[in-house]
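Take a look at the structure set out below.
For clarity, every value in this text was computed on a predicted model and none was experimentally measured. Throughout, protein chains are lettered first and strands after them, A, B, ... in sequence-line order, and every chain is numbered starting at 1.
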Amino acid sequence: MREVVLARPGDFAEWRDAARGLLAGGVAPEDVSWRGAEEGASLFGDDAPSASGAAVSLPRELLAMADRVICHSDANVPARLYRIVWRALRDRQLLARRSDPDIDWLSKTDKAIRRDIHKMHAFVRFRRLGEDAGRERFAAWFEPDHRILRLTAPFFRRRFYGMDWAIVTPNARAIWHDETLTYGAGGTKDEVPDSDVVEDQWRTYYGAIFNPARVKIAAMRAEMPKKYWKNLPEAQDIAPMLAGAAARVERMRATAVSLANPQTDKWRTSMPEALALTDDIDTLDDLARAVGGCTRCPLHCNATQGVVGEGPAAARVMLVGEQPGDREDLEGRPFVGPAGQVLNEALEEAELDRQRLFLTNAVKHFKFEPRGKRRLHQNPTTGEIDICRWWLDKERALVQPELIVTLGASALRGVTGKSMSVTSMRGAVHELAGGTRLVATIHPSFLLRLPDRARAAEERAAFVADLAHVRELAA
Amino acid sequence: MSGKPILEKLSILADAAKYDASCASSGTVKRDSTGTKGIGSTGGMGICHSYAPDGRCISLLKILLTNFCIYDCRFCINRASSNVPRARFNPQEVVRLTLDFYKRNYIEGLFLSSGIIRSEDYTMEQLVEVARILREEHRFGGYIHLKTIAGAAPELIARAGLYADRLSTNVELPTEAGLQSFAPEKKPETIRKTMASVRVGADDAIEAAKGRLLKKAKPPRFAPAGQSTQMIIGADASRDDDILATATNLYSGYHLRRVYYSAYSPIPDASSDLPPVRPPLMREHRLYQADWLLRFYGFQRAEIMEGASGGMLDLSIDPKLAWALMRRDIFPVDINRAPRELLLRVPGLGTRAVDRIVAVRRTGKLRIGDLAKLTASVKKLLPFIHTPDWRPGPLTDSASLRARFAPPAEQLSLAL
């Protein structure tokens with residue numbers, strides 16, 4: 001029987017060195033007895049072989065777990081960890097066998113340590129000691145379940161770099177001073193001040209943030225077990241808060257609804273009223289405001305905003321698309337998304353200046369189907385196009401373009417009020433009532449949906465040619 | 001008003017802030033004070049530094065800058081016509097409190113909101129100023145959550161995004177009609193536009209990061225913990241179906257990290273047309289479960305509603321179980337062979353348990369005894385799965401299956 005004495009419980013390096021020695025010596029787990037320094041040495045044990053430096057390769061995840069688990073207060077941990085390491089060297093799949101009793105134990109123990117660490121991060125309460133050369137100094141007393149101070153101190157260093165602090169626990173202390181982290185022996189509660197002026201504010205906050213109408217004590221105790229309460233300044237208020245909760249709710253309910261605060265009118269400012277749809281719309285700005293309040297069809301319920309046309313009020317050419325897409329809906333401007341990108345490039349090739357065109361859509365609100373984190377475009381119905389035509393007509397009346405270019409079938413419907421195929425209308429110049437000329441072409445988003453590259457290039461060239469034709473007509 | 005002692009102001013302005021459910025401090029970038037030699041760190045999971053007896057986590061100093069408000073939203077304790085005592089912090093006082101609390105390890109950071117004073121822009125400016133002082137003058141690296149004031153100028157929102165980890169704009173009520181009748185000054189379109197500008201800010205920051213020439217030059221982050229919102233449940237007549245429809249739209253349109261559902265809870269000096277009832281906590285819980293099914297379990301809203309009746313989720317059993325009871329044709333599934341997507345639909349299996357099962361079954365066939373080590377509730381799984389040593393037989397289709405899970409009726413009335 002080999003005997004290993006660990007002088008520093010919870011010290012990973014010491015356990016690791018001992019384990020390395022044993023593995024190098026081929027000592028099976030059942031032939032080792034592990035004990036702490038304070039326990040008397042066994043009468044019959046041989047000394048364990050010292051670390052021979054033989055490299056042992058173990059999964060990184062297992063080492064990380066062992067580093068934590070060794071801090072567990074259970075005295076059997078070093079032995080059981082050694083057995084797992086011993087087995088892991090013979091079974092590369094061991095860690096994946098979650099239903100194996102050793103691995104089950106390991107993950108449960110690791111979970112307990114991680115919870116202890118997490119709770120320490122949460123429940124340490126610093127109290128101010130004073131100030132030294134412009135640096136504030138703080139100290140805290142904390143009683144973790146396991147020997148986790150060395151696992152938690154780096155967190156506090158990263159978080160509280162700009163102040164000096166000490167955390168004292170029953171079996172170790174960590175001190176951050178002069179930008180150096182040092183560890184020392186355990187201490188007692190009375191080394192740390194028993195109050196801090198800010199605690200009154202904290203307790204006031206704790207009392208005020210509590211909603212007496214939704215008492216859920218079990219939920220609180222599951223996450224903040226009673227064992228921590230003695231070192232939490234706010235916990236002394238829990239009992240009185242609970243005792244008064246029912247009465248507070250009752251008072252809220254019993255109080256007759258009082259008269260409105262007489263000062264209300266003084267605070268309130270007048271809100272600009274949204275323009276009613278029937279109000280006179282004399283400018284494009286009026287129109288934009290009115291579209292903002294449009295509820296003529298249900299599309300406004302889910303879209304962000306109505307998107308009106310953009311461009312000079314005296315533009316000679318008006319481009320009409322289908323409806324705003326995802327990006328247009330977010331920004332409130334037409335043709336700023338992927339299809340707008342395609343349009344911009346095509347306009348440039350056709351030598352048409354976007355700044356001189358009036359760009360708008362047949363439908364002013366984005367119609368979509370939510371799918372996870374995306375909104376999938378949906379075609380507007382003829383009903384929706386026809387309802388929205390009211391706005392398009394207003395835009396046409398205000399801008400009075402000489403030439404209208406419809407992009408896609410929805411735009412054609414919006415402008416003419418009739419369902420016609422783009423193919424049948426394309427390539428010719430039509431005349432609308434009132435003498436406005438009409439050119440029909442495809443919607444640029446059509447080019448984005450073509451999987452075949454040769455076909456896409458062909459269609460794109462035809463689209464650019466249509467736009468070039470528009471330039472000639474407008475010249 | 002600034003003459004009130006700090007404890008009194010803190011008490012008023014924390015009390016006024018508690019109806020905002022969010023207290024999350026997770027999901028942001030890793031940051032620590034080593035480089036700045038200041039105070040504060042973030043990263044990984046959030047930390048709940050305390051719990052109130054209402055079971056809610058206290059992670060942030062959650063306060064209002066002021067509870068004066070020019071709006072008169074009827075569900076809100078701070079509405080203009082309410083007779084609650086009023087108070088106002090100046091930005092320096094909030095900064096002082098945040099740092100004092102943070103250095104004592106009471107909190108992860110600040111969640112600052114405000115009643116609307118003077119104008120939306122003025123109020124937003126004040127909130128941004130607090131965040132600016134914390135970040136720039138005190139090198140504060142902790143978590144900052146700012147409420148975006150709906151209707152504030154996009155430039156102010158863009159500045160808020162530079163200092164804050166998270167931004168949030170509350171939609172308040174799940175339907176437009178509800179908002180119109182309960183919060184006449186709030187416009188749904190204004191709220192959505194504000195959320196849209198947060199998403200545009202975040203998208204642009206990502207694009208800028210991709211397009212930069214020098215990989216070393218860190219582009220400014222924009223609200224790295226994303227945006228969230230809150231809906232009040234039970235104040236108006238909205239059905240769960242409407243609520244989930246709104247949530248789905250918000251998730252897809254504005255890439256929200258979270259939608260919070262807050263059971264309407266009676267407030268002091270309540271408006272007369274609101275229900276003076278106990279908050280519908282179970283309904284709130286079921287909505288959260290449904291929300292998780294939408295986001296992490298591959299469910300569509302229509303599927304969740306299969307297990308509902310009249311557009312309302314079943315209060316006595318969870319929504320996944322309610323769905324499974326309607327779709328028994330799919331069950332039992334073979335734990336050792338079913339694809340991940342199907343395992344996620346088994347009542348009683350969470351995402352973690354599913355991940356474990358998928359990993360472990362590569363090393364050998366799983367039996368019932370093994371499952372006990374991988375998940376908490378084997379009993380719940382039994383009617384819906386089979387393994388080499390377990391077949392549910394007629395249990396899956398038995399008429400009394402629902403009764404196995406639903407609590408007895410009298411207990412239900414207590415739970416409500």
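Taken from SG in B:Cys23 to CD1 in A:Ile209, the straight-line distance is 7.5 Å, to the nearest 0.5 Å. Between the CG atom in B:Leu366 and the CZ atom in A:Arg98 there is a gap of 12.0 Å [rounded to 0.5 Å]. To the nearest 0.5 Å, atom CD of residue A:Glu331 and atom CG of residue B:Asp203 are 9.5 Å apart. Here the straight-line distance linking atom OG of B:Ser33 with atom CE of A:Met163 works out to 9.0 Å at 0.5 Å rounding. In this structure, B:Thr34 OG1 and A:Arg159 CZ are separated by 12.0 Å, a value rounded to the nearest 0.5 Å. Considering OG of B:Ser41 and CZ of A:Phe155, their distance stands at 5.0 Å, rounded to 0.5 Å.
Looking at B:Gln300 and A:Arg371, their side chains come closer than 4.5 Å, going by heavy atoms from C-beta outward. Counting heavy atoms from C-beta outward, A:Tyr206 and B:Ser50 have side chains that approach closer than 4.5 Å. Residues A:His118 and B:Ile47 are in side-chain contact: their nearest non-hydrogen atoms beyond the backbone lie under 4.5 Å apart.
A:Phe368 touches chain B through its side chain: at least one heavy atom from C-beta onward sits under 4.5 Å away, while N, CA, C and O do not. When heavy atoms are compared at a cutoff of 4.5 Å, B:Leu250 does not approach chain A at all. The contact between A:Met224 and chain B is made by backbone and side chain atoms together, counting heavy-atom distances below 4.5 Å. Heavy atoms closer than 4.5 Å to chain A are found in both the backbone and the side chain of B:Ile107. Both the backbone and the side chain of B:Leu7 come within contact range of chain A, each with at least one heavy atom under 4.5 Å from a heavy atom of that chain. Proximity to chain A is limited to the side chain of B:Met45, based on heavy atoms less than 4.5 angstrom apart. Looking at B:Glu176, the atoms closer than 4.5 Å to chain A (heavy atoms on both sides) all sit in the side chain, from C-beta outward. Proximity to chain A involves both the backbone and the side chain of B:Ala263, based on heavy atoms less than 4.5 angstrom apart. Only the side chain of A:Phe156 comes within less than 4.5 Å of a heavy atom of chain B; its backbone N, CA, C and O stay farther away. Of the two parts of B:Ile58, only the side chain, counted from C-beta on, holds a non-hydrogen atom closer than 4.5 Å to a non-hydrogen atom of chain A. At a 4.5 Å heavy-atom cutoff, A:Arg221 makes no contact with chain B through either its backbone or its side chain. For A:Ala303, the part lying near chain B is the backbone, with the side chain staying farther off; criterion is any non-hydrogen pair under 4.5 Å. Both the backbone and the side chain of A:Tyr205 come within less than 4.5 Å of a heavy atom in chain B. In this structure, chain B has heavy atoms under 4.5 Å from both the backbone and the side chain of A:Glu223.
Options B:Gly253, B:Ala196, B:Ser11 differ in how many heavy-atom pairs under 4.5 Å they form with chain A, and the most are formed by B:Gly253. The most heavy-atom pairs under 4.5 Å with chain B, out of A:Arg97, A:Glu369, A:Gln93, come from A:Arg97. In terms of heavy-atom pairs under 4.5 Å with chain A, the best-connected choice from B:Thr36, B:Asn249, B:Thr363, B:Asp15 is B:Asn249. The candidate from B:Lys103, B:Lys62, B:Arg301 with the greatest count of non-hydrogen atom pairs under 4.5 Å with chain A is B:Lys103. Highest contact tally toward chain B, considering only A:Ser99, A:Ala96, A:Ala219, is held by A:Ser99 [criterion: heavy-atom pairs under 4.5 Å]. Options B:Pro53, B:Ala14, B:Ala52 differ in how many heavy-atom pairs under 4.5 Å they form with chain A, and the most are formed by B:Pro53. Considering only heavy-atom pairs separated by less than 4.5 Å from chain A, the leading option among B:Glu8, B:Arg31, B:Glu108 is B:Glu108.
In terms of modelled atom types and a separation under 3.5 Å, the side chain of B:Lys18 and the main chain of A:Phe210 share a donor-acceptor contact. In this structure a side-chain-to-backbone donor-acceptor pair under 3.5 Å is present from B:His255 to A:Lys373.
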- Message: Assess the residue pair A:His300 and B:Glu189 against the criterion (side chain to side chain contact (heavy atoms under 4.5 Å, CB included)); give the C-alpha distance rounded to whole Å, side-chain angles, the decisive distance to 0.1 Å, and a yes or no.
- Response: CA-CA 9 Å; A:His300 76 277; B:Glu189 191 191 278; over 6 Å; no

- Query: Stepwise, does the salt bridge (charged side-chain N to carboxylate O under 4.0 Å, His left out) test hold for A:Arg327 with B:Asp204?
  - Reply: CA-CA 11 Å; A:Arg327 188 77 190 182; B:Asp204 287 352; 2.9 Å; yes

- Task: Show your working on side chain to side chain contact (heavy atoms under 4.5 Å, CB included) between B:Asn105 and A:Phe138 and close with a plain yes or no.
- Result: CA-CA 11 Å; B:Asn105 204 38; A:Phe138 292 86; over 6 Å; no

- Item | Derivation of the salt bridge (charged side-chain N to carboxylate O under 4.0 Å, His left out) call for B:Arg104 and A:Glu136 | CA-CA 11 Å; B:Arg104 283 156 185 81; A:Glu136 284 184 289; 5.1 Å; no

- Query: Run the side chain to side chain contact (heavy atoms under 4.5 Å, CB included) check on B:Arg56 and A:Arg214 step by step: do they pass?
  - Reply: CA-CA 9 Å; B:Arg56 282 184 165 168; A:Arg214 27 184 315 156; 3.0 Å; yes

- Task: Evaluate the salt bridge (charged side-chain N to carboxylate O under 4.0 Å, His left out) criterion for residues A:Asp329 and B:Arg199: first the C-alpha distance (whole Å), next the side-chain angles of each, then the deciding distance (0.1 Å), finally the verdict.
- Result: CA-CA 11 Å; A:Asp329 171 78; B:Arg199 193 192 136 190; over 6 Å; no

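Under the salt bridge (charged side-chain N to carboxylate O under 4.0 Å, His left out) criterion, the residue pairs touching residues 199-213 of chain A are A:Arg127-A:Glu199, A:Arg203-A:Asp237, with sequence neighbours excluded.
Atom CZ of A:Arg374 has 12 or fewer heavy atoms from other residues, nucleotides or ligands within 6.0 Å. Crowding of B:Arg96 atom CZ: a count of heavy atoms from other residues, nucleotides or ligands under 6.0 Å not exceeding 12.
A pairwise comparison of heavy atoms in A:Arg375 and B:Ser252 identifies CG-OG, 3.3 Å as the closest pair.
Looking at residues two or more places apart in sequence or on another chain, you find no ring-ring contact (aromatic ring centres under 6.0 Å, His included) involving B:Tyr254.
Side chains of A:Asn211 and B:Asp54: a donor-acceptor N/O pair is absent below 3.5 angstrom, by distance only. Using modelled atom types, one finds no donor on one side chain facing an acceptor on the other under 3.5 Å when comparing B:Arg192 with A:Thr304.
Here A:Asp102 does not pair with B:Lys373 in a salt bridge; the nearest charged N to carboxylate O distance is not below 4.0 Å.
Taking the six-membered ring for Trp and thresholds of 30 and 60 degrees, A:Trp202 and B:Phe101 have ring planes more than 60 degrees apart, a perpendicular arrangement.
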